[in-house]
Amino acid sequence: MPFAPQTDTRQPVQQETLRRIEQLHRLQCAFFAGGHTLPLQFRKAQLHKLQQVLKQHEQELFDALYADFRKPALEAYGTEIGFIELELKLALKKVDDWAKPRRVPETLINFPARSYVYPQPYGVALIISPWNYPLNLLFIPLIGAIAAGNCAILKPSEIAPNTAAVVNRIISQNFDERYLAVVEGGVEATTHLLAQRFDYIFFTGSTQVGRIVMKAAAEHLTPVTLELGGKSPAIVTQDADLELAARRICWGKFLNAGQTCVAPDYVLVQEDVKEDFIEQMAHCITDFYGSHPAESPDFARIINDNHFARLSKMLTPENIRIGGKTDTDTRYIDPTILDNITWEHPSMQEEIFGPILPVLSFTDLDEAIMMVNRHEKPLALYFFSANREDQKRILKEVTFGGGCINDTISHLANPNLPFGGVGNSGLGSYHGIASFDVFSHQKSVLHRGTWLDLPFRYPPYGDKLKLLRKFLRWL
Ligand code: NAD
């Protein structure tokens with residue numbers, strides 16, 4: 001598939017699609033109620049099948065990602081398909097352990113008894129994903145849903161239409177729709193999906209739409225995970241290794257042309273080293289993409305005309321230090337560094353989600369912490385410093401979803417680290433065992449022995465209160 005300039009097309013939804021949504025939901029509820037998804041054998045077979053299907057169709061998926069926004073093959077593999085493969089392998093290896101009832105310590109109050117937590121699938125899950133990592137953000141939650149024994153309806157983003165179409169085709173050709181199905185479409189289709197009574201909703205996307213999803217879920221008291229966005233800072237202190245910091249920040253920022261939820265959104269750099277740091281970033285951009293980044297095969301394009309227009313407004317000529325060139329036809333924007341930025345600048349009013357990096361400065365760490373804490377809690381924070389005490393201060397004094405010390409984005413690559421936001425950047429987390437847990441209700445059960453039944457708890461209570469107080473104090 002060639003990379004094709006396209007505009008954002010939001011087609012009205014046909015009645016047929018709405019009826020199909022209701023039908024799929026009914027079918028999946030009945031399938032789940034039949035107990036088919038409960039055996040671990042079944043779950044593992046589905047994970048294996050997903051592994052094979054993704055392998056068989058890898059090239060089509062690469063091509064679709066390229067057609068949607070010229071995503072380079074290495075990025076498509078490294079951040080999407082390869083990532084999914086790792087999570088699949090982990091789930092296949094660990095699901096037996098994850099699904100085991102977990103014994104928890106007993107308390108004397110219940111003697112004789114044993115207590116267990118039984119992970120149990122919720123039922124039918126709805127997984128809604130955005131366009132920027134259209135495979136990763138659809139399939140990684142799905143792995144958790146399958147491993148935990150749920151059915152799922154997947155709603156990929158209409159804004160990456162080529163990828164959504166391939167995903168729809170390969171899922172419908174390989175899985176029973178009573179178990180797994182894809183619904184394509186935009187706002188209208190998603191609104192209709194959200195009107196159904198799902199047992200779990202896993203949403204990845206903007207904070208604004210996250211609110212809509214949570215409101216809809218509240219109608220049915222459906223539990224939700226919300227993986228949202230926001231402005232994630234990178235903080236660079238004067239004692240950081242500036243060359244390394246510039247390289248790691250430029251990589252995290254310009255990967256996927258900045259269209260990454262955890263991309264460093266802006267840099268706060270200590271005043272004394274700002275010029276040096278910007279110079280280092282200029283070298284990195286040339287090292288990565290040459291002197292004409294538009295010709296680099298390793299740099300993606302902006303997803304659609306709306307986003308291109310939105311980002312172009314941030315390119316105020318007086319602030320451009322590096323880059324700044326654009327091409328409307330191919331939706332190209334240079335890797336760009338903005339300087340002399342205030343908090344009122346257009347780039348600081350919203351999540352940037354593009355290859356534009358504003359640089360702001362601070363005098364001491366107190367000021368940097370205050371600047372971050374004045375705003376919504378970020379999804380990610382990256383702190384570059386050689387000073388252990390300052391690292392500790394950041395971890396203690398700033399609330400953020402997750403992040404790295406002296407790196408960007410890499411925390412996502414460790415499946416043992418639950419990934420998620422906090423406050424406006426999200427609710428709940430996943431990856432590795434956390435993906436299994438998120439799609440499982442933790443059913444707590446006490447097994448009480450029958451050979452002893454002390455009369456103490458039963459009425460008449462008489463003067464047992466004194467005794468009860470003593471006993472609880474003694475425990
Ligand atoms: P979006 O919120 O516009 O869309 C996400 C999904 O919601 C899509 O499937 C879309 O069809 C649907 N949708 C859009 N408007 C809707 C509405 N009014 N009602 C119901 N459904 C609706 O997000 P996007 O533009 O696709 O993605 C970009 C955003 O996602 C950024 O804010 C980014 O930070 C965030 N994001 C977060 C993560 C994360 O893991 N935390 C990952 C990727 C992207």
Side-chain angles (χ1 to χ4, degrees), residues 8-11 13 17 21 68-69 79-80 83 126-141 144 153-161 163-164 167-168 182-196 198 201-217 219 224-232 253 255-265 302-304 306-308 310-311 350-354 376-380 400-403 409 411-412 417-431 434-435 438:
D8 183 3
T9 49
R10 295 189 178 217
Q11 305 282 346
V13 170
T17 309
I21 286 172
D68 280 331
F69 53 122
T79 62
E80 305 238 38
F83 219 89
L126 171 63
I127 299 173
I128 304 173
S129 67
W131 54 266
N132 60 331
Y133 289 86
L135 301 177
N136 179 323
L137 299 170
L138 197 65
F139 287 118
I140 292 188
I153 294 183
L154 308 176
K155 215 300 287 174
S157 171
E158 73 285 13
I159 294 183
T163 313
V167 166
N168 192 356
V182 175
V183 170
E184 284 187 69
V187 176
E188 217 182 321
T190 320
T191 305
H192 200 61
L193 278 165
L194 289 169
Q196 314 305 308
F198 281 92
I201 298 176
F202 191 104
F203 171 81
T204 308
S206 60
T207 301
Q208 192 190 356
V209 179
R211 280 199 186 94
I212 296 173
V213 170
M214 197 159 173
K215 271 190 195 147
E219 280 299 312
V224 290
T225 294
L226 302 175
E227 298 288 340
L228 310 176
K231 292 183 83 62
S232 300
K253 179 67 185 186
L255 177 80
N256 216 32
Q259 302 165 112
T260 303
C261 58
V262 285
D265 185 271
I302 304 308
I303 186 72
N304 64 21
N306 290 347
H307 280 285
F308 181 82
R310 181 183 64 79
L311 288 163
E350 58 181 287
E351 180 181 2
I352 295 173
F353 225 58
E376 295 295 348
K377 294 167 187 154
L379 178 60
F400 54 94
I409 301 195
H411 58 302
L412 269 81
L417 284 174
F419 169 65
V422 54
N424 263 34
S425 60
L427 181 76
S429 49
Y430 71 127
H431 286 187
S435 298
V438 97

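Heavy-atom basis, side chains included; hydrogens, waters and symmetry copies ignored. One-based numbering, in listed order, for ligands and for the atoms of each.
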Return yes when [X] approaches ligand 1 closer than 4.0 angstrom through a heavy atom, no otherwise.
X      : result
Ser157 : yes
Ile159 : no
Ser129 : yes
Tyr133 : no

Is there a nitrogen or oxygen of [X] sitting under 3.5 Å from a nitrogen or oxygen of ligand 1?
X      : value
Val187 : no
Glu351 : yes
Asn132 : no
Ser206 : yes

Would the Tyr133 and Phe83 ring centres measure less than 6.0 Å apart?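 When the ring centroids of Tyr133 and Phe83 are compared, they turn out to be at least 6.0 Å apart.
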Please list, in number order, the atoms of ligand 1 under 4.0 Å from a heavy atom of [X].
X      : answer
Pro130 : 24 (P), 26 (O), 27 (O), 43 (C), 44 (C)
Phe353 : 28 (C), 31 (C), 33 (C), 34 (O)
Thr190 : 11 (O), 20 (C), 21 (N)
Phe419 : 40 (O)
Glu158 : 10 (C), 11 (O)
Ile128 : 6 (C), 7 (O), 9 (O)
Leu379 : 41 (N)
Thr204 : 5 (C), 37 (C), 38 (C), 39 (C), 40 (O), 42 (C), 43 (C)

Just so I know, are the side chains of [X] and [Y] near enough to count as touching, which here means a heavy-atom distance under 4.5 Å?
X      : Y      : answer
Thr190 : Val213 : no
Thr260 : Thr79  : no
Val167 : Leu135 : yes
Ile153 : Ile21  : no
Ile352 : Lys231 : yes
Pro156 : Thr163 : no
Gln196 : Leu126 : no
Pro161 : Asp68  : yes

Out of Asn304, Ile212, Leu137, indicate the one that has the non-hydrogen atom closest to atom 43 (C) of ligand 1.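 Considering heavy atoms of Asn304, Ile212, Leu137, the nearest to atom 43 (C) of ligand 1 sits in Leu137.
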Which of parallel (below 30°), tilted (30 to 60°) and perpendicular (above 60°) describes Phe69 and Trp131?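 Phe69 and Trp131: perpendicular rings.
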Do you know which two heavy atoms are closest between His431 and Ile140, and how far apart they sit?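 For His431 versus Ile140, the nearest heavy atoms are CD2-CG2, 3.8 Å.
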